[in-house]
Amino acid sequence: MSASATWAVAVRVLIQLRRDPRTIALLVVVPCVLMVILRYAFDGEPPVFARIAPPLVGLLPFITMFIVTSIAMLRERTSGTLERLMSMPVGKLDLLAGYALAFGAVAVVQTLVLAAVTLGPLGVDTARGAAVLVALAVANALLGMSLGLLASAFATSEFQAVQFMPAIVLPQLLLCGLFVARDRMAGPLEALSDVLPLTYAYDALARAGAPGPLGTRFVIDVAVVVVVTLGALALGAASMRRRSG
């Protein structure tokens, strides 16, 4: 693994993003707009919004990064760019680390803006301040990025990549406990939620937003998110094939 190659890949991805203002709007502006809409959708129930808003600050980056990354990597695969890059002295880990570095930087900006809007004008409070919330949101964004990179290996068109959104992301969002407590779900659904990584991401966010000690369960939740992220990146690397060179 080469630091210079990783940095070169990260810079290339960031330059591509800078040339695509619509994607930047999707990543930075749309989550804020959705949060404002949600605030006024719960205008008559402020406690409900105060409960779900902090976790959403961490979950929205997961969703947007999954969509953007899966399509971006699919373009790399189908356009032949990935094959050309791998014919150069750039390893799989360099590529993935470069993507992680670039989208991690974007995730920091995205979550800072979203947290500023949510904790500022929208008046939401969190027990441990913005730093912990932003750190967890960035971790979730990297989780979404890694799953998006892996999902791109199973799609042959951008249309198929978008279809992974309802297949992979929405079930996790519905079962993570954000809308209904998991112990109130039907037994099979609760058991299914136990193996979905977004469940642990949500649990970590919920514990971080609640008063009291975080406990070992918080550490376990964060560890699961990190392990799944690294595992998805490893599987994504295995899906890359050198066809020439």
Side-chain angles (χ1 to χ4, degrees), residues 30-31 34-35 37-39 41-42 44-70 111 114 118 124 126-127 133 136-155 159-212 214-236:
V30 170
L34 291 175
M35 191 64 79
I37 292 174
L38 195 64
R39 161 65 181 82
F42 286 101
E45 300 178 87
V48 176
F49 178 72
R51 178 181 66 82
I52 66 175
L56 277 177
V57 170
L59 297 180
L60 286 175
F62 169 86
I63 298 170
T64 55
M65 283 298 173
F66 177 89
I67 298 172
V68 171
T69 310
S70 61
T111 54
L114 182 58
T118 305
V124 174
T126 180
L133 186 62
L136 291 173
V138 171
N140 291 341
L142 293 176
L143 173 64
M145 180 210 70
S146 64
L147 293 177
L149 289 174
L150 178 60
S152 71
F154 300 96
F159 180 67
Q160 289 184 5
V162 172
Q163 290 178 321
F164 282 127
M165 170 72 182
I168 296 176
V169 175
L170 289 186
Q172 296 193 65
L173 191 62
L174 293 174
L175 297 178
C176 71
L178 176 65
F179 301 106
V180 180
R182 294 196 302 124
D183 58 4
R184 295 171 55 189
M185 295 178 183
L189 292 182
E190 184 180 359
L192 177 60
S193 71
D194 287 339
V195 299
L196 300 177
L198 204 62
T199 297
Y200 299 89
Y202 170 76
D203 282 350
L205 286 162
R207 293 177 195 282
L214 292 174
T216 56
R217 185 54 193 264
F218 175 81
V219 177
I220 293 173
D221 290 334
V222 173
V224 169
V225 171
V226 172
V227 168
V228 173
T229 300
L230 295 177
L233 286 175
L235 291 174

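No experiment lies behind these values; they were computed from the predicted model shown.
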Under a 4.5 Å cut-off applied to non-hydrogen side-chain atoms, are [X] and [Y] in contact?
X	Y	answer
L136	F218	yes
M65	L147	no
R182	L175	no
V124	R39	no
V162	I67	no
P171	L192	no
V30	L34	yes

_Donor-acceptor under 3.5 Å (Y200 side chain, C176 main chain)_ =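 The answer is no, because no donor-acceptor pair under 3.5 Å joins these two groups.
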
Closest non-hydrogen atom pair, [X] against [Y]:
X	Y	result
T64	P31	CG2-CG, 4.1 Å
I63	M165	CG2-CE, 3.4 Å
L178	P55	CD1-CB, 4.2 Å
P61	A137	CB-O, 4.0 Å
L150	A232	CB-O, 4.1 Å
E190	M185	N-CB, 4.3 Å

Could you state the interatomic distance from [atom1] ([X]) to [atom2] ([Y]), rounded to the nearest 0.5 Å?
X	Y	atom1	atom2	answer
L143	L230	CG	CG	10.5 Å
L173	L56	CG	CG	7.5 Å
I168	F154	CD1	CZ	8.5 Å
M35	F49	CE	CZ	5.5 Å
I52	Y202	CD1	OH	9.0 Å
F62	S146	CZ	OG	8.0 Å

*asked:* Pair M145, T229 - check side-chain contact (heavy atoms from CB on, under 4.5 Å), show working.
replied: CA-CA 8 Å; M145 180 210 70; T229 300; 5.6 Å; no

*asked:* Under the side-chain contact (heavy atoms from CB on, under 4.5 Å) test against T111, which residue among V138, N140, L60 passes?
replied: V138

